[in-house]
Amino acid sequence: MTVRFYNSLTHQQEDFVPQTPGPSAQAPLRGAQIRMYTCGPTVYDYAHIGNFRSFLFADVLRRHLEWHGATVRQVMNMTDVGHMTQDQTADGAGRDKLELAVEKMKQSKKSGAALVENPNDPGQVADFFVRAFLEDARRLGLAVVADYDRAGGAAAQERIMPRPTRHIGQFIELIQKLLVRGHAYIGSDGVVYYDVGGFAAYGRLSGNSVEQLSHGAGGRTNESAAKRHPADFFLWKPDRHHLMRWPSPWGEGYPGWHVECSSMAMEILGESLDIHTGGEDNIFPHHECEIAQSEGATGRPFVRLWMHARHLMVEGEKMSKSKGNFFTIRDLMEKGVDPLVIRLALIRTRYRETLNFTLQSLHETAGAMGSLRDLVEKLGGAVGDPGGAGETGPAGPEGGPSTACLEPADADMLAEFQNALDDDLNTSAALAALFTWAAPRFKRKKFTDDEARSSLAALRRVDHVLGVMFKPLQPLAQDTRANVENLLRQRDEARQRKDFATADRLRANLTALGVEVHDTPSGSQWRRRLAPERSTAPGIATEAARR
RNA sequence: GGCCGGAUGCCCGAGCGGACCAAGGGAGCGGAUUGCAAAUCCGUGAUUCGUGGGUUCGAAUCCCACUCCGGCCUCCA
């Protein structure tokens, strides 16, 4: 049993062996302690589905390692230092992103919809978006947020989802270490720079060379008289007028963008991590610089396995605010998409493939997910647990991949599912294995008690990774629910007096409320729709463009 | 200009040299069922894998060339 992953650092697939493996050489993941860092969101705006694709990839990775019996210590930062906006230079002049968010908050206050008490306080603005992020992430079932919620107290939470503004002291220490070791220097402008020329491995991750970078196509690297090399990046920038600033040996100012991940990852997880994940755009410069800073400071390998998720497209186009195809979880939920459908839609394509996110993909996913959840319900009924056997709960160590007591067909499916994920997290193939097994079970009406128990156990194991079958759906709002019950009663009455025109009109109303109606011999039933009806949603991109 | 990926049926997507006349999910179509629907059930689709060469007993899978698409090269997950 080997688990293979594509390592961005070596540009090839490798067998994964944790630094602290478990006791068995045959199954080094069982009982292993794995340290994993996930580049998290910047909290000056709502996170979008592209962000979440990357976080969900890391989540599936972590859950799969847990499937193998490893204990994963995952850290995800919440970047609350603003850093730079697009129209400024890499040296950090210009306005802070958080500053722009603060502006926005002030606007919203003027228009009467105050989102925070004091929009001038960047801390409050960041807090606001941190809360929003946590809400979204809980709905999507990110295990790291479950860790966060379980952690006892603010100090413990800070070691799971750290906020850079609370670690500035460590950043300064890291920068001092780099100065002492000769990897950093103070430019004539008073800014502390990293000396790229002094770090031979710079460029290994991204496939760049320092030589190429100095010529950078179109001269996009920033030339500055104060720097030794155009690719040198700043570690600390003194600036007494910046919105967010802290005292330092180099004057009041703020840290460079890349410092936070190096510093917090090493502070919390140690100098050498097993895995570091992020979106593909992080490869350069962010992660390249992290390696340079961390290894420059410690002289030890920073990360053994780098993994990066490819970006997603929306309706075949790059997602961008200007194209109007930019979606947050909230946007989609407003359209009636259940967050678990979003989760499955974002993980069903393998992380290294470009994912084309479309309205159709949401429908497909909703259909597939609905079938699985129906099966869970049916099996739950067969073992006298109509609730579908409860929730699996967030990720937690479940022990080894024991398949004792399972029917052979169920064990075979689990083996195939696992093999697919072992192969560089091939979620598409894993789902195919699941559906090949599930399809005949969708049709079956009867299961013996043993069969149902075995199948449910298998599905629970699968769902430890997928996280879409046992978790409750978004509940209907209380007043909507009352409304639904009321309409349904009226429709039943209409049907009884054969007033089908009224009945059909009422059904349309119910559909609009996000429920679907089933007429059975014993009366009508309703259930929550997982995604909006096709005809009422012309296309997520076109609809967004209209806003 | 440099560095990466990709091109499989109507759509999404697996496939990593022989079990592929190509998995799985959707959509469509025909039928059963229904007041009409929904859901469900039955049936139905690539002799072919961007194009052209090559290697091989054998290629969607390996090699070469070409065409097209996408990403990164200091805002970005």
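Chain letters run A, B, ... following the sequence lines, proteins first and then strands; every chain starts at 1.
- Whole-Å rounding puts the Tyr193(A) OH to U74(B) C1' distance at 13 Å.
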Requested in this report: Heavy atoms under 4.0 Å is the rule here; annotate nucleotides 34-39 of chain B 5' to 3' with B where the base is hit, S where only the sugar-phosphate is, and - elsewhere.
Outcome: -BBBBS
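- Residue Ser206(A) is classed as a sugar-phosphate contact, given heavy-atom separations below 4.0 Å to backbone atoms only.
- Between Thr365(A) and Thr349(A), the residue whose closest nucleotide on RNA chain B is further toward the 5' end is Thr349(A).
- The nucleotide C3(B) finds its pairing partner in G71(B), both defining distances of the Watson-Crick or G-U wobble pair being shorter than 3.5 Å.
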Which atoms of nucleotides 19-21 of chain B (N or O only) lie under 3.5 Å from a protein N or O atom, and what are those distances?
none

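- Residue contacts for Leu434(A): at a heavy-atom cut-off of 4.0 Å it reaches no nucleic acid atom on any strand shown.
- Closest to the side chain of Asp281(A), out of C73(B), G26(B), A77(B), is A77(B).
- If you check every strand for non-hydrogen atoms under 4.0 Å, Ser361(A) touches nothing.
- Set against G24(B), G13(B), C41(B), the side chain of Lys443(A) has C41(B) as its closest nucleotide.
- Distances shown here put a side-chain N or O of Asn426(A) below 4.0 Å from the OP1 or OP2 atom of G15(B).
- Using modelled atom types and a 3.5 Å distance limit, the side chains of Asn77(A) and Thr79(A) yield a donor-acceptor pair.
- The distance between the ring centers of Tyr351(A) and Phe5(A) does not fall below 6.0 angstrom.
- The shortest distance between the side-chain N/O atoms of Thr42(A) and the OP1/OP2 oxygens of A77(B) is below 4.0 Å.
- For U51(B) and U61(B), the P atoms lie 11 Å apart once the distance is rounded to whole Å.
- Two rings, from Phe234(A) and Tyr193(A), have their centers 6.0 Å or more apart.
- Residue order along RNA chain B, read from the 5' end via each residue's closest nucleotide, puts Tyr202(A) first among Tyr202(A) and Gly278(A).
- For an aromatic pair to be called close, the ring centres must be under 6.0 Å apart, and Phe129(A) with Tyr46(A) satisfies this.
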What protein N or O atoms touch nucleotides 7-9 of chain B N or O atoms at under 3.5 angstrom, if any, and at what distances?
none

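- Taking atom C1' on both G58(B) and C20(B), the two are 13 Å apart, rounded to the nearest angstrom.
- Distances shown here put every side-chain N or O of Lys318(A) at or beyond 4.0 Å from the OP1 or OP2 atom of C76(B).
- No donor-acceptor pair closer than 3.5 Å links the side chain of Arg310(A) to the backbone N or O of Gly279(A).
- A straight line from NE2 of His229(A) to P of U74(B) spans 13 Å, rounded to a whole angstrom.
- Spacing between U55(B) and G17(B) at atom C1', rounded to whole Å, works out to 11 Å.
- A parallel orientation is assigned to the rings of Tyr202(A) and Phe233(A), their planes being inclined by less than 30° (bins at 30° and 60°).
- Put simply, the side chain of Ser8(A) gets close to the backbone of Trp306(A): a donor and an acceptor are under 3.5 Å apart.
- His308(A) and His287(A) have tilted rings, their planes meeting at an angle from 30° to 60° on a 0 to 90° scale.
- When rounded to the nearest whole Å, the span between CH2 of Trp306(A) and C1' of C4(B) equals 17 Å.
- Taking the P atoms as reference points, G9(B) lies 12 Å from A46(B), given to the whole Å.
- Remark: C1' of U40(B) and CG of Leu372(A) are 16 Å apart, rounded to the nearest angstrom.
- In summary, Arg62(A) and Asp59(A) do not engage in a salt bridge, as defined by a charged side-chain N under 4.0 Å from a carboxylate O.
- Below the 3.5 angstrom threshold, one finds no donor paired with an acceptor across the side chain of Glu280(A) and the base of G71(B).
- The aromatic rings of Tyr194(A) and His183(A) lie parallel to each other, with less than 30° between the two planes, well short of the 60° mark.
- For the atom pair CE of Met78(A) and CE of Met161(A), the computed distance is 4.0 Å after rounding to the nearest 0.5 Å.
- Separating the C1' atom of G26(B) from that of U56(B) is a span of 38 Å, rounded to the nearest Å.
- Between the side chains of Asp281(A) and His286(A), no donor N or O sits under 3.5 Å from an acceptor N or O.
- Expressed to the nearest 0.5 Å, how far CZ of Arg350(A) lies from CG of Leu421(A) amounts to 10.0 Å.
- G25(B) atom P lies 10 Å from atom CZ of Arg348(A), rounded to whole Å.
- At the heavy-atom level, Ala429(A) lies under 4.0 Å from the strands shown only through sugar-phosphate atoms.
- Between G13(B), C72(B), G5(B), one nucleotide has an atom nearer to the side chain of Arg310(A) than all others, and that is G5(B).
- Within 4.0 Å (heavy atoms only), His48(A) reaches at least one base atom of the nucleic acid.
- Taking the centre of each ring, Phe327(A) and His48(A) stay at or above the 6.0 Å mark.
- Partner assigned to C62(B) is G54(B), using Watson-Crick or G-U wobble distances below 3.5 angstrom.
- Comparing the same atom, P, in C21(B) and in G6(B) gives a spacing of 25 Å after rounding to whole Å.
- We find that CG of Leu140(A) is positioned 14 Å from C1' of A77(B), with the value rounded to whole Å.
- For Phe435(A), whose side chain is taken as the heavy atoms from C-beta onward, the closest listed nucleotide among G25(B), G26(B), G5(B) is G25(B).
- At the heavy-atom level, Gly50(A) lies under 4.0 Å from base atoms of the strands shown.
- Annotation: C12(B) and G54(B) have their P atoms spaced 32 Å apart (nearest Å).
- Picking from G15(B), G24(B), U74(B) the nucleotide with the shortest atom distance to the side chain of Arg350(A) gives G15(B).
- In this structure, Arg53(A) atom CZ and G71(B) atom C1' are separated by 12 Å, rounded to whole Å.
- One can place CG of Leu355(A) at 12 Å from P of C12(B), the figure rounded to the nearest angstrom.
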